[in-house]
Every structure is written in C-alpha cells, then in structure tokens.
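Only one structure is covered here, and it is reproduced in the block below.
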Amino acid sequence: MDKLLIEGGSRLTGEIAISGAKNAALPILCAALLCAGPVVFTNVPQLKDVTTLLALLEQMGVKVEREGDTVTLDASGLTEPVAPYEMVKTMRASVLVLGPLAARCGQASVSLPGGCAIGARPVDQHIKGLQAMGAKVDVEHGYIRASASRLKGARLVTDMVTVTGTENLMMAACLADGETVIENAACEPEVVDLANCLIAMGAKISGAGSDVIRIKGVSRLHGARHRIMPDRIETGTYLCAVAVTGGSVRLTSTQASSLDAVIGKLIEAGCSVRCEPNSIHLSAPGKLAAVSLRTAPHPAFPTDMQAQFMALDCVADGAATIRETIFENRFMHAVELQRLGADIHIDGNTAMVRGVERLQGATVMATDLRASASLVIAGLVAEGETMIERIYHLDRGYEHLDEKLSALGARVRRLKS
C-alpha cells in the first residue's frame with residue numbers, strides 16, 4: 001500500500017483548481033442507467049471510487065468511454081441488473097444503482113454494502129421507499145432483490161434524513177407511474193446537482209434543495225450533457241490546510257455558496273476569506289482561534305468536514321467542543337492525532353480539543369476518507385516528518401492530493417508500495 005510522507009512547517013501559498021465532487025459524481029453516473037442512450041458527464045474526478053463504479057456499470061452491460069474528465073455512458077445495452085458483492089464491498093455508494101435498475105429494468109439484485117468504519121449507514125429507507133412505490137423487495141443471501149412491472153408514484157416520508165436514500169428514490173421515481181413526493185428529503189447540494197442532471201435528461205422534478213421533493217414520472221428519459229459540481233469537501237479540506245499553515249491561497253473552479261457553514265467557522269477562527277463567483281481566497285492569521293462546532297444535515301456544518309476542523313483546533317489558541325450527530329463512530333482520527341501530540345478527550349459523541357503549541361511528526365494510520373485528510377492537515381504543521389499509512393482512503397476522495405499540495409509549497413511525497 002502507498003504511504004504519504006509529509007515534512008511539516010511549510011506555509012501554503014499560490015493557486016490550485018478544485019476537482020468535480022465525488023459525492024455528486026457517483027449518483028449522477030448511476031443516473032445513466034435510467035435511459036437507453038448516451039449521456040455525457042464532464043468535470044468527473046479521477047478517483048478510485050469513480051473507477052470502481054464505472055467498472056460496475058460496465059459489468060452490467062453499460063458502454064463506458066472516458067477521456068480526461070469527460071465520461072460518456074450508454075446503457076442501451078444494459079443486460080445484467082446485478083451489483084455483485086465483489087464490487088459493492090469496496091464502495092457503499094454502489095447501492096445507488098438499486099433505484100435506477102428497479103425503475104428501468106423492473107428488477108434489481110444489489111449486494112448489501114456491508115459495514116463501514118465510520119458507523120452504520122443502513123439501507124432500510126431505500127427499501128421502505130421502493131416498497132411504498134409498489135416494488136416487491138426481499139433481502140436474502142446478502143442481496144437486496146427488487147422487482148416491479150412498473151413503479152407507482154407514492155408519498156415517501158423517510159424516518160431520517162438520508163442523502164443516498166433521497167437520491168436512490170428520486171431516480172426511481174423519475175420513471176414511476178404518477179407523482180412521487182419525498183418528505184424529509186436531504187437538502188445537500190449534491191442532491192440538487194443530481195436533480196439538475198435528471199431534469200436535463202427529461203425528468204420532471206421540483207423542490208430539490210428543500211426537504212420536500214416532487215417528481216412526476218415520465219415514460220422514458222433521454223441522453224443529455226451535464227457538468228459535475230465542484231467538490232465542496234475538497235474545497236473545505238484545502239481551506240483548513242491553508243489555515244493551519246498560516247498560508248494564503250486562491251482556490252479556483254469552486255463555489256462558496258455550498259460552503260456557508262464551513263466558511264463561517266474559518267472566519268470565526270480568524271481567517272480572512274474573500275469569495276468570488278468561481279473562486280475562494282483565504283489568508284490565515286498568525287494564530288488561529290479554536291472553534292466549536294456541531295455536525296448536522298445541510299445547510300448546517302457537514303460531518304465530512306468534522307475531522308479536518310479537529311486537526312485545525314489541535315493547533316489553535318484555546319479549547320473547542322466538537323459534537324458529531326451524524327455517525328456514531330467518526331472520531332477514530334482522534335487517536336491518530338494524539339500520536340502527533342494533540343490534546344483531545346472523547347466523551348461519547350463529543351470531543352474536547354485543547355490547542356497545543358506544536359504537533360510532532362510520527363507514523364499514523366488512516367482509518368477512513370476524511371480521517372486521512374485530517375492527518376494530512378496535521379502533518380503539514382507538525383514538526384519533523386509524518387508518515388501516513390493506508391492512504392488508499394485518500395485516493396477514494398481526493399484527486400491528486402499530493403500533487404496539489406506540492407504545487408502550494410508543501411513538502412509531500414508519495415511512497416509507492
């Protein structure tokens with residue numbers, strides 16, 4: 001497995017471009033299953049998760065063409081509405097093929113995604129929604145098996161706010177007979193991006209971005225062209241990295257409008273942030289102030305930025321309280337940050353972080369995608385060298401992270417296994 005070696009102490013300066021959003025690209029690529037014609041996607045990030053999903057779609061009979069950040073998918077030859085365990089086990093987002101397959105093919109067989117390091121992410125809301133739309137759904141031998149001659153519009157009220165659940169049911173409803181209303185829907189920008197893509201394909205959707213989404217089913221969707229939104233979590237991660245190093249960086253090809261809660265906390269920490277239509281410039285103060293936060297569904301503070309801000313608080317002036325309300329096991333990075341000298345105390349879903357004068361380089365291990373990002377941020381400011389193991393997590397969600405950091409002046413080196 002590759003490792004990342006970071007020599008701390010460099011101030012990040014300069015300009016880099018943000019890639020397309022992983023969390024938008026994955027459901028949008030699955031949307032291609034809904035039509036029997038070519039769909040062209042641009043600004044698709046080069047990530048391990050994207051590669052895995054494209055391999056899964058190809059195995060189903062989808063024609064896949066990829067050139068740079070452009071991906072063309074043609075599902076007219078879709079033959080195998082099956083997502084086997086061998087593919088799904090490496091990426092939970094594979095469950096997003098369930099809704100499109102059930103709607104277009106009338107059947108789907110999708111392996112249960114299995115466990116996840118950061119906590120339980122059950123698919124019961126996906127199943128409940130499809131059943132309400134008239135599908136017969138069984139879970140047997142580790143597979144979700146759904147069948148329906150044609151899905152029927154229905155009123156769906158999810159028991160919890162679920163992003164992938166909202167996306168799966170919204171895609172399924174596009175080809176259902178009648179109107180579907182999803183209540184308690186996720187409001188994330190990635191859900192809006194998926195809705196915009198589906199609308200370009202001929203879907204009739206209103207309310208995306210609110211907690212009530214209405215979909216009027218149509219008989220078929222058609223090919224279209226869609227550009228994936230910028231990655232707001234990648235943007236926030238680099239902003240935190242710049243902040244802890246006392247740097248000044250301009251991030252291009254991004255949108256500040258999807259990051260209000262994150263930018264607000266960076267300003268609270270003492271950073272100067274200037275937002276333009278497609279770029280963000282951040283200048284860090286001489287010393288950051290500790291910021292407390294509580295994760296919650298959009299538009300509140302995103303759980304995917306919690307670990308990065310914990311790293312920031314580790315070297316800030318004062319103490320902060322971080323409450324994680326989305327996932328029950330998302331503080332595993334705290335133990336690794338402690339190896340670098342961080343002062344962190346965990347009590348249930350709350351972390352108390354007291355800033356220290358300096359962190360010290362050591363060997364640490366990434367436990368999940370965003371945890372690995374927090375270790376990179378801490379390593380950038382730690383004294384000496386920090387070795388991060390199991391960085392395949394990083395490659396799942398950050399395109400060319402070591403190259404982008406190096407372009408900003410960081411001393412980062414990937415060690416090939």
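Everything numeric in this text was worked out from a predicted model, so none of it was measured.
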task = Please answer whether the main-chain N or O of Q255 pairs with a side-chain N or O of S258 as donor and acceptor at a distance below 3.5 Å.
result = yes
task = Please answer whether the main-chain N or O of A382 pairs with a side-chain N or O of T386 as donor and acceptor at a distance below 3.5 Å.
result = no
inquiry  = Using side-chain heavy atoms (C-beta onward) and a distance below 4.5 Å, is Q306 in contact with R323?
reply    = no
ask   = Can you check whether D343 reaches V353 side chain to side chain, under 4.5 Å on heavy atoms?
value = no
message = If only side-chain N and O atoms count, and only distance matters, is there a donor-acceptor pair under 3.5 Å linking H393 with D368?
response = no
query = Can any side-chain N or O of S253 pair as donor or acceptor with the backbone N or O of A17 at less than 3.5 Å?
reply = no
ask   = Between E383 (side chain) and G8 (backbone), is there a donor-acceptor pair under 3.5 Å?
value = no
ask   = How about S283 and S248: does a side-chain donor come under 3.5 Å of a side-chain acceptor?
value = yes
With S19, the side-chain hydrogen bond (donor to acceptor under 3.5 Å, both in side chains) member among H400, K404, Q46 = K404
query = Regarding E389 and T363, is there a side-chain donor-to-acceptor distance under 3.5 Å anywhere?
reply = no
task = Look at R414 together with D395 and state whether they make a salt bridge at an N to O cut-off of under 4.0 Å.
result = yes
request  = Please test R413 against E7 for salt bridge (Lys or Arg N to Asp or Glu O under 4.0 Å), starting from the C-alpha separation and ending with a verdict.
outcome  = CA-CA 9 Å; R413 188 155 51 98; E7 187 178 345; over 6 Å; no
key: Check ion pair E399-K22 (N to O, under 4.0 angstrom)   = no
query = Are any side-chain N or O atoms of S372 and backbone N or O atoms of A366, one a donor and one an acceptor, separated by less than 3.5 Å?
reply = no
message = side-chain contact (heavy atoms from CB on, under 4.5 Å), that's the test. Do L169 and T166 meet it? Break it down for me.
response = CA-CA 5 Å; L169 297 175; T166 298; over 6 Å; no
query = Below 4.5 Å, heavy atoms only, C-beta onward: do M60 and V82 meet side chain to side chain?
reply = no
inquiry  = With salt bridge (Lys or Arg N to Asp or Glu O under 4.0 Å) as the criterion, how do D2 and K416 come out once you've worked through the C-alpha distance, each side chain's angles and the decisive distance to 0.1 Å?
reply    = CA-CA 5 Å; D2 290 1; K416 295 286 186 179; 3.5 Å; yes
request  = Using atom types as modelled and distance alone, determine if a side-chain donor or acceptor of D231 lies under 3.5 Å from a backbone N or O of E234.
outcome  = yes
message = Donor-acceptor check, side chain of D74 to backbone of K63, threshold 3.5 angstrom: yes or no?
response = no
message = Please report whether the ring centroid of Y143 lies less than 6.0 Å from that of Y85.
response = no
Flag, side chain of T325 to backbone of T295, donor-acceptor distance under 3.5 Å = yes
query = Does Q308 use its side chain to pair, donor to acceptor, with the backbone of T237 at less than 3.5 Å?
reply = no
task = For side chain to side chain donor-acceptor pair (under 3.5 Å), just list the numbers for T303 and E324, CA-CA rounded to whole Å, side-chain angles, deciding distance to a tenth of an Å, and then say yes or no.
result = CA-CA 7 Å; T303 180; E324 173 59 57; 3.0 Å; yes
query = More than 12 non-hydrogen atoms from neighbouring residues, nucleotides or ligands closer than 6.0 Å to CZ on R66, yes or no?
reply = yes
key: T252 side-chain N/O to S279 backbone N/O, donor-acceptor pair under 3.5 Å   = no
inquiry  = Can you see whether T235 engages T254 through a side-chain donor-acceptor pair at a distance of less than 3.5 angstrom?
reply    = yes
key: Distance in Å, C314 SG paired with H333 NE2, rounded so as to fall on 0.5 Å steps   = 8.5 Å
message = Testing the 3.5 Å rule here: is there a donor-acceptor pair between the side chains of S10 and R411?
response = yes
Candidate pair R145 and D138, rule salt bridge (Lys or Arg N to Asp or Glu O under 4.0 Å), full reasoning = CA-CA 5 Å; R145 304 190 193 278; D138 296 309; over 6 Å; no
inquiry  = If you count every heavy atom of other residues, nucleotides or ligands that lies below 6.0 Å from E67 atom CD, does the total exceed 12?
reply    = no
task = Please test V40 against H226 for side-chain contact (heavy atoms from CB on, under 4.5 Å), starting from the C-alpha separation and ending with a verdict.
result = CA-CA 6 Å; V40 181; H226 180 78; over 6 Å; no
query = Atom CG of D49 and atom CG of L53: how far apart are they, to the nearest 0.5 Å?
reply = 8.5 Å
Gap between atom CD1 of I391 and atom CE of M365 - 0.5 Å precision = 14.0 Å
inquiry  = Going by side chain to side chain contact (heavy atoms under 4.5 Å, CB included), L29 matches just one of V39, L56, V97, L54. Which one?
reply    = L54
task = Check whether any side-chain heavy atom of E65 sits under 4.5 Å from a side-chain heavy atom of V71, and report yes or no.
result = no
